[in-house]
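In what follows, a structure is listed as structure tokens, so that the remarks can point back to it.
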Amino acid sequence: MEQQGSSTSAGRGKAEKEFVKEITPQSVDYSQWYIDVVLKTELMDYAPVKGCMAIRPYGYAIWEKIQQLLDRRIKDTGHQNAYFPMFIPQELLQKEAAHVEGFAPEVALVTKGGGETLAEPLVVRPTSEAIICDFYSRWIQSWRDLPMLINQWCNVVRWEKVTRPFLRTSEFLWQEGHTCHRTEEEAEKEALLMLGVYKEFLETEMAIPVIAGRKTEREKFAGALRTYTVEALMRDGRALQAGTSHNLGQHFARVFDITFLDQDGTLKYVWQTSWGVSTRLIGALIMVHGDDRGLVLPPRIAPIQVVIVPIISKKAREEVLAAARRVAETLQQAGIRLKLDDREEYSPGWKFNEWEMKGVPLRLELGPRDLEAEQVIAVRRDSGAKEPLPWAELPRRLPQLLEELQGDLYKRALQFQQEHTRSGADYGEFLQVMERERGFFIASWCGREECELKAKEESKATIRCIPFDREMEHENCLVCGEKAAHVVYFARAY
RNA sequence: CGGGGCGUAGCGCAGCUUGGUAGCGCGCUUGGUUCGGGACCAAGAGGUCGCGGGUUCAAAUCCCGCCGCUCCGACCA
């Protein structure tokens, strides 16, 4: 962003080059592009504490849309929201062996309160299985108390060494569902149901295509029986775990003593699940759709779907503003989230760039020339395509246009994902792909951890998942050549 | 946790080599003229030079320690 090309590109091509001077082009430095975007579009700001951030109003508005659209789905599938405490007695967290081992390195510990050393240190929740299981052991007595279907929206803390805004922060916001069931089958069904909800939500609302599948033993959640995941592909060819759903089996039930008296009169342990998505989704949104001018937001998630920029000139100032206000009012009544940018201290050109950077899907220009024709000029953020629209048609046409744009963003993202998904049985080719263009690499795997590790060491790529809907194409393991057991997606990941 | 880069006004940077009055552009404030792809003129405001210690008559500048951001690795849901 420091090199603005002001001297180098002063000659030809300057016009297209310099729309957004503040943002490093993706091709120059993708990581810097990402940082520039989150800061310049005011999604977040760094906090005085490492790995922490403020989510600014525009970023939080995106999170609120995610919450709103996902919360409805969580409730439609029978779950209720509740809230559990942030502090967990250390002893509780330590009950489940694999769970402690997984989280111990990144746990924040409170040892003092009110100026006195605490008798027992408190853990700041890195996830809430432990504290919720403690409650569940008391709340559940009978098979009639099942299923227990609870979700909570909250913050969690994981002391991270390497942090990146939204993608990996020491504190982040998420939702975590925690359910208890009578049978293993029912728990399994629940875990898969919620993974399906995530997939549908991501694809429908966020226009992010994902690969759904199961995690390997190595990659699964600390304490889970099985972990399911949806994986998205970013534009730099790296994968991002967008959501996970765990079948916890009876691991937690046994150590937290969550039992119920079944119909047959015997005492049984419950079968549990947990599942979550976080503010990381905002990072995915940025990296899947964004371009060199900044954010590109899918209309369904965009806090502002349409921005109206009146072209105010001296002669027609009042007429233009009045017309813009009328248009704004009709669109508001049509249920469109819009902003009328009638600030007079900024020029139209400045506003164009500003709102494009912020990813507003559609811009309507309304100037003196449009008064006569009773129209606006609609400009799409994704394609830049301009189209004159008569005022009378706006309430009907704009919702259509926004849906078209939503669909096009999904198609474009899906095409990118498909074009960056290779498959093969040649280990050398796999290494080369992971070194250069990256993306997904579909291959067969024998199922042994040593092959998984070897591939990781040599390619830096991990097995993202064992996909649900993909047949094995090759008989032999990509790494060792022995008989393969699974087809897997490899990728370098965030 | 290991290695590199960076930290001076809200943002981007110069000044540091060779110690001595803290500067530039953008932004901000006020007034005026403008407005179909980041307008222009004029007058202003704004800084514990990341933090702590040391050397010195004197430190943004030299030395030591720490913190933060960032990139590349290791680790990790």
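Computed from a prediction, not measured in an experiment: that's the story for all the values here. Excluded from the calculations below are hydrogen atoms, water molecules and symmetry mates; all remaining heavy atoms, backbone and side chain alike, are included. Just so we're on the same page: letters track the sequence lines, and every chain starts at 1.
Of the nucleotides present, B:rG25 is the one that pairs with B:rC11 by Watson-Crick or G-U wobble criteria, both distances under 3.5 Å. Here B:rC6 sits opposite B:rG68 as a Watson-Crick or G-U wobble pair (both hydrogen-bonding atom distances under 3.5 Å). Summarising the base pairing, B:rG47 is matched to no nucleotide, lacking a Watson-Crick or G-U wobble pair whose two defining distances lie under 3.5 Å. Under the Watson-Crick or G-U wobble criterion, with both distances below 3.5 Å, B:rU61 has no partner in any strand shown. Base pairing analysis places B:rG38 opposite nothing; no Watson-Crick or G-U wobble pair with both distances below 3.5 Å involves it. The nucleotide B:rU55 finds no pairing partner, because no Watson-Crick or G-U wobble arrangement with both distances shorter than 3.5 Å includes it. Searching all strands for a Watson-Crick or G-U wobble partner of B:rC16 with both distances below 3.5 Å returns nothing. Base pairing annotation: B:rC1 forms a Watson-Crick or G-U wobble pair with B:rG73, both donor-acceptor distances under 3.5 Å.
The CH2-P distance, from A:W159 to B:rC1, rounds to 12 Å in whole Å. The CD atom of A:E452 sits 11 Å away from the P atom of B:rC76 (whole-angstrom rounding). With rounding to whole Å, A:D45 atom CG is found 12 Å from B:rG10 atom P. Residue A:Q32 contributes atom CD, which lies 20 Å from atom P of B:rG4 at whole-angstrom precision. Counting to the nearest Å, the P atom of B:rG73 and the CD atom of A:E457 are 15 Å from each other. Between the CD1 atom of A:I23 and the C1' atom of B:rC11 there is a distance of 14 Å, rounded to whole Å. The distance from atom CD of A:E458 to atom P of B:rA74 is 13 Å, rounded to the nearest whole Å. When rounded to the nearest whole Å, the span between CD1 of A:I311 and C1' of B:rG36 equals 5 Å.
Using atom P as the reference point in both B:rG27 and B:rU70, the two lie 27 Å apart (nearest Å). Taking atom C1' in both B:rG12 and B:rG20, the straight-line distance is 28 Å, to the nearest Å. Between B:rA22 and B:rG50, the two P atoms lie 16 Å apart (nearest whole Å). With both ends at atom P, the span from B:rU61 to B:rG15 equals 15 Å, rounded to whole Å. With P as the reference atom, B:rU21 and B:rA58 are 15 Å apart, rounded to whole Å. Annotation: B:rG4 and B:rC63 have their C1' atoms spaced 22 Å apart (nearest Å).
Listed nucleotides: B:rC69, B:rC71, B:rC35. Nearest to the side chain of A:E344: B:rC35. Of the candidates B:rG36, B:rU70, B:rC1, the closest approach to any side-chain atom of A:K161 belongs to B:rC1. Closest to the side chain of A:R363, out of B:rG36, B:rG37, B:rU70, is B:rG37. When distances are taken from the side chain of A:K315 to each of B:rG37, B:rG73, B:rC35, the shortest belongs to B:rC35. Taking the side chain of A:K456 as heavy atoms from C-beta on, and the options B:rC28, B:rU70, B:rC75, the nearest nucleotide is B:rC75. Distance from the side chain of A:R168 is smallest to B:rC76 among B:rC76, B:rC71, B:rG37. Among the nucleotides B:rG36, B:rA74, B:rC71, the one closest to the side chain of A:I35 is B:rC71. Residue A:R492 places its side chain closer to B:rG73 than to any other of B:rG73, B:rU70, B:rC76. Here B:rU70 is the nucleotide among B:rC35, B:rU70, B:rC76 with the atom lying nearest to any side-chain atom of A:P165. The side chain of A:K314 has B:rC35 as its nearest neighbour among B:rC35, B:rU70, B:rA74.
Contact between the side-chain N/O atoms of A:Y46 and the OP1/OP2 oxygens of B:rU70 is found at a separation under 4.0 Å. Listed pair A:R164 / B:rC69 fails the phosphate criterion, with no side-chain N or O lying under 4.0 Å from OP1 or OP2. Residue A:S347 places at least one side-chain N or O under 4.0 Å from the OP1 or OP2 atom of B:rA39. Applying the 4.0 Å criterion to OP1 and OP2 of B:rC72, one finds that A:Y30 has every side-chain N and O outside that range. Considering only side-chain N and O atoms, A:K50 lies nowhere under 4.0 angstrom from the phosphate OP1 or OP2 of B:rC67. Between A:R317 and B:rU34 there is no side-chain N or O to OP1 or OP2 distance below 4.0 Å.
Within the cation-pi definition used here (under 6.0 Å to the ring centroid, within 45° of the axis), A:R158 qualifies as a partner of A:W174.
A donor-acceptor contact closer than 3.5 angstrom links the side chains of A:T273 and A:W275. Side-chain contact of A:R464 with A:T462: a donor-acceptor pair under 3.5 Å is present, judged by distance alone. A:Y228 and A:E188 form a side-chain donor-acceptor contact under 3.5 Å, judged by distance and modelled atom types alone.
Using a 4.0 Å heavy-atom criterion, one finds that A:K460 contacts the sugar-phosphate atoms exclusively. A:P368 comes within contact range of at least one nucleobase, with a heavy-atom separation under 4.0 Å. Across all strands shown, A:L39 has no heavy atoms under 4.0 Å from either base or sugar-phosphate atoms. If you check every strand for non-hydrogen atoms under 4.0 Å, A:G367 touches a base. Contact annotation for A:V162: base contact, defined as any heavy-atom pair under 4.0 Å involving a base atom. Residue A:G384 is out of contact with every strand shown, counting any heavy-atom pair closer than 4.0 Å. Residue contacts for A:D29: at a heavy-atom cut-off of 4.0 Å it reaches no nucleic acid atom on any strand shown.
When the nearest nucleotides of RNA chain B are assigned to A:A493 and A:E365 by heavy-atom distance, the more 5′-ward of the two goes with A:E365. Nearest-nucleotide mapping onto RNA chain B: of A:E219 and A:E345, the residue sitting toward the 5' end is A:E345.
A side-chain hydrogen bond (donor to acceptor under 3.5 Å, both in side chains) with A:T24 is found for exactly one of A:D292, A:D36, A:D29, namely A:D36.
Every ring pair (Phe, Tyr, Trp, His ring centres under 6.0 Å) that A:F441 has, sequence neighbours left out, goes to A:F430.
For A:H99 and A:F221, the gap between ring centers is short of 6.0 Å. A:H181 has its ring centre no less than 6.0 Å from the ring centre of A:W271.
For A:S245 against A:M194, the heavy-atom pair with the smallest separation is OG-CB, 4.3 Å.
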